[in-house]
**Student:** 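Would you mind keeping the following structure in view while I ask a few things?
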Amino acid sequence: GGVLVALTSFLTTYATAKKMALQHNYRLDASQELFALGAAGAVGSFFGAFTPSGSLSRTGLSAECGVTTQLGGVFAAATMGIGLTCLTPALKYLPKVAIAAIIMKSSYSLLDLDTPMSLAKSWKPKRQGGLKRDLVIWCTAFVCTLALGVVWGIGLAVLFSVGMIVHDATEPQAVILGQVQTLGRKWRDIEAWPNARTYRGILVFEFRGPLFFASAEFFQDQMNRLRLKAEERDDHPISIAVLSLESVHHLDSTALRILEDILSEWRKINVSCIISGARHQVRLLIEEKLVRLRKERGLPSLLDQTAFMITISDAVEQARQRFAAHHGHVRGSMGIAAEAPLWERGGAAEIIQEKVRRSKSFTVGDKGIQRQRS
């Protein structure tokens, strides 16, 4: 019971104070509010006082009257004491309707309809830049407050928000990246940028969230799903996967084991992997567990690279060189030009023309040397 009373007092007080802080443009420290409530409760317990808590109606009335300092509480307490001591007989016959009117008038300033209206204008999914979830949380808090009370309304809204945070942590966004020429060849999600450039046989995958025990299986499912999706889109099997870990700032043992299993399975189907953007703890774990320890134990290598802090562009360039070495050099430059995408054929044609020009210059030079000898 005491925990529920303390939680109710803090939620009510902080919600009221936060509303006033937003209206009057000043900063509010939740830790200081909690400390003040605890100190007031501890001192008041020696005198048989009630649990301290902020009042929605009195705070709104003070704001309407233009109170801006802490002395407003002192004068309000003095007025209330005088009223309870001297004016009780006169207030005995005051209708409750009059008291309700005072409370409704003072609470009107706390009513905020601009927030739900602005959120309704952004009724779109999160991936499309919308605030759909925020409006759902606001409606949950509003309806539960009206039906069950302030404590249940705020509590259920907080639980709903925490649940959404846990969901985002366990199932973060996983996307296929493509190179956007108009943005200086930066890599972006191909679903948001349909004209982004991709390479046949190469998958550029990015996991945008924490990689730990709760999201490890989701990470494995998404990598396999997006690999199959890329193969279906290009009508060509994936040979090399570039895994961007720029958004992954933590890696635990479960996720590391899952990553090792994925790389081992992909090696069996002739899919190699290049990791880019690994920083700090993520890079150190990959270098130690997936490279050095496997080499010491005599296990086959899973990553044919020595640097893991490379950019996505550098990793893709390495992947293209490996892809060309494995698929292109056997068939010659003409085969590469024929099988390359449209945006690559121009570059391949220039390379072929340069080789032809050099071969002609060498032939002319040889003929000149032969004429001089004769």
**Student:** Can you hop from Leu263 to Val291 via hydrophobic side chains spaced under 4.5 Å?
**Tutor:**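 Same hydrophobic cluster.
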
**Student:** Is there a continuous path of hydrophobic side-chain contacts, each under 4.5 Å between heavy atoms, that joins Ile312 to Val180?
**Tutor:**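 Different clusters: Ile312 never reaches Val180 through Ile, Leu, Val, Met, Phe, Trp or Tyr contacts under 4.5 Å.
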
**Student:** Please assess Glu265 against Met223 for the test side-chain contact (heavy atoms from CB on, under 4.5 Å), listing each intermediate value before the final yes or no.
**Tutor:** CA-CA 12 Å; Glu265 292 177 1; Met223 286 198 68; over 6 Å; no

**Student:** In Å, rounded to the nearest 0.5 Å, how long is the span from OG1 of Thr311 to CD of Glu246?
**Tutor:**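 Spacing of OG1 (Thr311) from CD (Glu246) equals 8.0 Å.
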
**Student:** Would you give the length of the straight line joining atom CZ of Arg257 to atom CG of Leu259, rounded to the nearest 0.5 angstrom?
**Tutor:**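 The distance works out to 12.0 Å.
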
**Student:** Is it the case that atom CD in Glu231 sees more than 12 heavy atoms from other parts of the structure closer than 6.0 Å?
**Tutor:**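 It does: Glu231 CD has more than 12 such atoms within range.
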
**Student:** Let me see the working for Val67 and Phe75 under side-chain contact (heavy atoms from CB on, under 4.5 Å), right down to the final yes or no.
**Tutor:** CA-CA 11 Å; Val67 177; Phe75 285 104; over 6 Å; no

**Student:** For the pair Asp234 (side chain) and Arg200 (backbone), establish whether a donor and an acceptor sit closer than 3.5 Å, ignoring hydrogens and angles.
**Tutor:**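 Between the backbone of Arg200 and the side chain of Asp234 there is no qualifying donor-acceptor contact (under 3.5 Å).
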
**Student:** Check for me, please, whether Ile240 and Leu243 land in the same ILVMFWY cluster - side-chain distances under 4.5 Å, paths through other members count.
**Tutor:**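 No, Ile240 does not connect to Leu243 through the hydrophobic network.
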
**Student:** Evaluate side-chain contact (heavy atoms from CB on, under 4.5 Å) for Ser313 paired with Arg185, printing each intermediate quantity in order.
**Tutor:** CA-CA 9 Å; Ser313 298; Arg185 296 186 176 182; 5.9 Å; no

**Student:** Consider only side-chain heavy atoms of I, L, V, M, F, W and Y, link residues closer than 4.5 Å, and tell whether Val242 and Phe207 are in one cluster.
**Tutor:**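 Looking at the clustering, Phe207 is in a separate group from Val242.
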
**Student:** Hey, is NE2 on His280 packed in by over 12 heavy atoms from elsewhere, all under 6.0 Å?
**Tutor:**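 Incorrect, the count does not exceed 12.
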
**Student:** Identify the two heavy atoms, one from Ala169 and one from Ser215, that lie closest to each other, and give their separation to 0.1 Å.
**Tutor:**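 It is O-CB, 3.6 Å.
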
**Student:** If you compare all heavy atoms of Ile238 against all heavy atoms of Ala230, which two are closest, and at what distance to 0.1 Å?
**Tutor:**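 Minimum heavy-atom contact is CD1-CB, 4.0 Å.
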
**Student:** Linking I/L/V/M/F/W/Y whenever their side-chain heavy atoms sit closer than 4.5 Å, directly or via other members, would Leu245 and Leu303 fall into one cluster?
**Tutor:**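 They do share one cluster, since a chain of ILVMFWY contacts under 4.5 Å joins Leu245 to Leu303.
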
**Student:** Might you confirm whether atom OH of Tyr26 has over 12 heavy atoms from other residues, nucleotides or ligands at distances under 6.0 Å?
**Tutor:**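 Enclosed.
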
**Student:** State whether the side chain of Thr170 and the backbone N or O of His167 hold a donor-acceptor pair below 3.5 Å, judged by distance alone.
**Tutor:**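 Side chain of Thr170 to backbone of His167, a donor-acceptor pair under 3.5 Å: yes, one is there.
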
**Student:** When you measure from the side chain of Gln305 to the backbone N and O of Ile275, does any donor-acceptor pair fall under 3.5 Å?
**Tutor:**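 Looks like yes, one N/O pair under 3.5 Å.
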
**Student:** Can a donor-acceptor pair be found, under 3.5 Å and without considering hydrogens, that links the side chain of Thr13 to the backbone of Phe10?
**Tutor:**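 Not confirmed, Thr13 side chain does not pair with Phe10 backbone.
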
**Student:** Flag yes if more than 12 heavy atoms outside Glu296 fall under 6.0 Å of its CD atom; otherwise flag no.
**Tutor:**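 Above 12, so yes.
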
**Student:** According to side-chain contact (heavy atoms from CB on, under 4.5 Å), who are the partners of Asp189, at least two apart in sequence or on a separate chain?
**Tutor:**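 Asp189 satisfies side-chain contact (heavy atoms from CB on, under 4.5 Å) with Arg127, Gln173, Val175, Glu191, Ala192, Arg208 once adjacent residues are dropped.
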
**Student:** Measure the CG-CG distance between Leu290 and Leu299 for me, rounded to the nearest 0.5 Å.
**Tutor:**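 Separation between the atoms: 11.0 Å.
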
